[in-house]
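Computed over heavy atoms, backbone and side chain alike; hydrogens, waters and symmetry mates excluded. Proteins get letters first, then strands, A, B, ... in listed order; numbering begins at 1 in each. Everything numeric in this text was worked out from a predicted model, so none of it was measured.
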Amino acid sequence: MGLQQYWGKRDFKLTHEPRGKVEKSGRQLAFYIQKHDARRLHYDFRLELQGTLKSWAVPKGPSLDPNDKRLAVEVEDHPVEYGTFEGDIPKGQYGAGHVMLWDKGTWEAIGDPVEGYRQGALKFRLNGVKLRGKWALVRMKAKPGEKDNQPNWLLIKEKDEEARHGPEAQITETATASVSLIQDDGPALESVDGDLAMEAAPTKQMPDLIKPQLATLVTQAPQGDQWFSEIKYDGYRALARIEHGDVKIYSRNGNDWTNKWKNLAGALAKLPVESAWLDGEVVAFDEEGGISFQALQTSFKLGNEADLAYFIFDLPYLNGHDLTKQPLKQRKLLLQTLLESQGKQGPLHFSEHLEGHASEVLKHACMHGLEGIVVKHAESPYQQRRSSDWLKVKCGQRQEFVVAGYTDPSGRREEFGALLLGVYDEEGMLQYAGRVGTGFNQGSLRLIASQFKTLHINNPAFANPPTGRDALGAHWLKPTLVAEVKFAEWTSAGRIRHASFVGLRDDKAARHVTHETAQPTERLAGSGEGVKNSSQSSPSPVEVANIRISHPSKTLFTDGGFTKLDLARYYESVANWILPYLKDRPLSIVRCPEGYDQHCFFQKHVSLDSKSHLKAVNINTSDKNSEYFSANNLSAVIELVQLGVLELHAWGSRSPKTHLADKMIFDLDPAPGLSWGNVTEAALLLHGLLEELELRSFVKTTGGKGLHIEIPIKPEHSWEVVKEFTHGIARHLQTHAPDRFTTNLSKKKRDGLIFIDYLRNSAGATAVVPYSTRAKAFAPVATPLDWDEVGPEVQADTFNIGNVMTRLENMESDPWKDYLQTKQRLSAKLLQMFT
DNA sequence: GCGGCTA
DNA sequence: TAGCCGCAACGCACG
DNA sequence: CGTGCG
């Protein structure tokens, strides 16, 4: 204990490293991780304990995967002051090379840390920028003969919600920036100034004004983990400039609105930064606690900003450093740390984001009545203009219009009837765009009408003023008011339909109001990862597995935005997983050439030309022969994709012995209203029964509502025998739990029962193939599960073509790895028991 | 998506 | 030759 | 026997 070893190794005349001293106890314990590019790159992991930093050199750095155990070689204690050191240690000195502060924060021991350290089993929780949650350091036994002055430990992530698997866990790869610019409000441990190394974050004078980065309106959310989805806040864009406690808040046009938002300015002044530019949206909460544009305007009027909040989503400058060239994910990481240092109360909020799955996020956002989402590319710099790295996807249509007139009220309506709206065209002419007469309340009617007085003019400002019935009782206004209106669609005549008033805006100049048109997403979102769009809008065939794919960019799944090429690429990537379950099985297919939500049809006979990779299968029934087909290789599967096949259903027997079942299958189908818990409970019950019968069974999601349980068997019984057996099993369950199960197809609707469909066990009957897509929203995939996974986490439609590959790549082993090797038979005894 | 039939 | 149409099938349960 | 349903 102590720093003698530390001091002994260094010549403080030659190195900038701090000399340091043993700190007094009684404050929060700090931890630091320094990325040290010495003779060998390694990470120095340091925990403050008893006044010094216990230190370990971790060659491979920390991993968020609890399965990764990282060697941590204990080294001499360092002074606490050393933790923030960044800079170069001169050649010839101990540890020569560059030191970068990779993470910092506080830690708390789980149990007694001193005792834990002594015993060689230290469990603790980290609260840093990059590392969070539970961790453990475990000392290994010294090998005999090994020098024991450098004990080896293992640094292990404990299982918790901060744990990750696969590529996500490699945080040293994904989070590479220095955390030195993040101020902590702990004790003033002066950073020893090496070269303050935030690569490519040059120190420069903070600009007086910055222009907000704007998002491009698109119709579809982009796919891929590299896109971050944020809520599209329904408020006012606001950029805040902080310099030594002096705060200014600017609107998106650069108007100084600090005085309107004194509370926010006050809160911003308390942030632990020397200087910063923050970008976000000011919103108001309505009575129900929801975010409300109208409430925001009311607060303006009344000068009451008690319920205002500032949702901050970007940080272009910090402490004199220009972060605009840094990737968004780094800026948000810094921002999050900065804001969380303030606790959860107060009007300043971090605008959270979700990574990937943007179209699903959009769906949820819309269901919750939000305006839409903003999707931002994780690697993009901050650009002071409209760019395609920020995309906005709206739930309904909604945009601003110039108010250039109004009509007289009728009936009991006060003030006015409807607003006459317009947008400027490319020539700068104000085009009439229709009217909005609903969505107002008493307050907004009066508020708006009060603004009319000074704006009356004699002639319409429209280039094409409404005429006839539309112009009845119209009064013309100078086109300065801007109203936000939601509506269903634009008509071909350039009018809006089903318009409803949302609010007046005064952060946007009327002359900038134009007809917003959404861009097709694929052209803009091409850099997304994962399933990619082909990016051609005109038909331009591509080849997958030597099969020509026509119209590769045709969208087959509107909600997920998955195209025909996406589908082909999906099957290409799961080829090794799906082909074993297709081999020699006659297929039925579901084809939806125009997309899953358009006309779909079943097919079990296809015309096979000489070039086809599909294999003909002749089934000779007593009366006539008929030709079915199977897909035994990838090209055959892709051929089906080209035909618009969205579902693959296979027989439970293989050619040539198609008359003998080689699997049994139970389809657990919940009645409407049943919870997922009912389904999993039923599956586990059936699993238990099968175990008792010593039958190995395998479970998969269907991509629809239920689960499939498959039991591979030796092909030796006819379909009649197997069906009777499965019927017997189903009847058994129904008899023993009539409150949960039914085997009756038409009574299925009745009550809240799980229908055990055993009818798939007959000649010619089919079930969806493992890893087949389903013709449903978001391209769900029927996915094999481990029995351990049967529970609330995984639902029937959890996996889709956007996430199945990630699952497969990260799995320790195939949950169905024994399926193909399972050799089991239905013994005479079993058959007797259940028939 | 495409082959086959019809007009 | 353009346009339209079909593209599965079978057992069960109910009325 | 037709029809709804998987």
Nearest-0.5 Å distance that lies between atom CD in A/Gln824 and atom CG in A/Leu826: 8.0 Å
Parallel, tilted or perpendicular: ring planes of A/His687 versus A/Trp787, cut at 30 and 60 degrees: parallel
Atom C1', compared across C/dG6 and D/dG6: separation rounded to whole Å: 22 Å
Could you check whether the rings of A/Tyr819 and A/Trp816 sit parallel, tilted or perpendicular, using 30° and 60° as the cut-offs? parallel
Side-chain N or O of A/Ser762 closer than 4.0 Å to phosphate OP1/OP2 of C/dG11: no
Quick check: on DNA chain C, is the nucleotide nearest A/Tyr758 upstream (toward 5') of the one nearest A/Thr766, or the reverse? Name the residue that is more 5'. A/Thr766
Determine: side-chain N/O of A/His551 to OP1/OP2 of B/dG1, distance under 4.0 Å, yes or no. yes
Would you tell me if any nitrogen or oxygen in the side chain of A/Asn744 comes within less than 4.0 Å of OP1 or OP2 on D/dC5? no
Nearest of B/dG1, C/dA8, B/dG3 to any side-chain atom of A/Ser607? B/dG3
Respond yes when some side-chain nitrogen or oxygen of A/Gln603 is under 4.0 Å from OP1 or OP2 of B/dC2, and no when none is. no
Rounded to whole Å, please give me the gap between CG in A/Leu668 and P in D/dG6. 16 Å
Looking across every strand, which nucleic acid part, if any, lies under 4.0 Å from A/His599 by heavy atom: base, sugar-phosphate, or nothing? base
Mind checking the P distance from C/dA8 to D/dC5? Whole angstroms is fine. 22 Å
Does C/dA8 have a Watson-Crick or wobble partner in any strand here, with both distances under 3.5 angstrom, and which is it? none
Cationic N near anionic O, under 4.0 Å, A/Lys663 to A/Glu710: yes
Report the distance from atom CD1 of A/Ile754 to atom P of D/dG6, rounded to the nearest whole Å. 15 Å
Testing D/dG6, B/dG1, C/dC12 for proximity to the side chain of A/Asp669, the answer is D/dG6
Nucleotide of B/dG1, C/dC12, C/dA8 approaching A/Leu759 most closely (side-chain heavy atoms): C/dC12
Looking only at side-chain atoms of A/Asp757, point me to the closest of C/dC12, B/dG1, D/dG6. D/dG6
Under 4.0 Å between a side-chain N/O of A/His605 and OP1 or OP2 of C/dA9, yes or no? yes
Looking for any heavy atom pair under 4.0 Å, which part of the strands does A/Glu594 touch: base, sugar-phosphate only, or nothing? nothing
Would you say a side-chain N or O of A/Lys723 is under 4.0 Å from OP1 or OP2 of C/dC12? yes
Check whether any side-chain heavy atom of A/Ser588 sits under 4.5 Å from a side-chain heavy atom of A/His605, and report yes or no. no
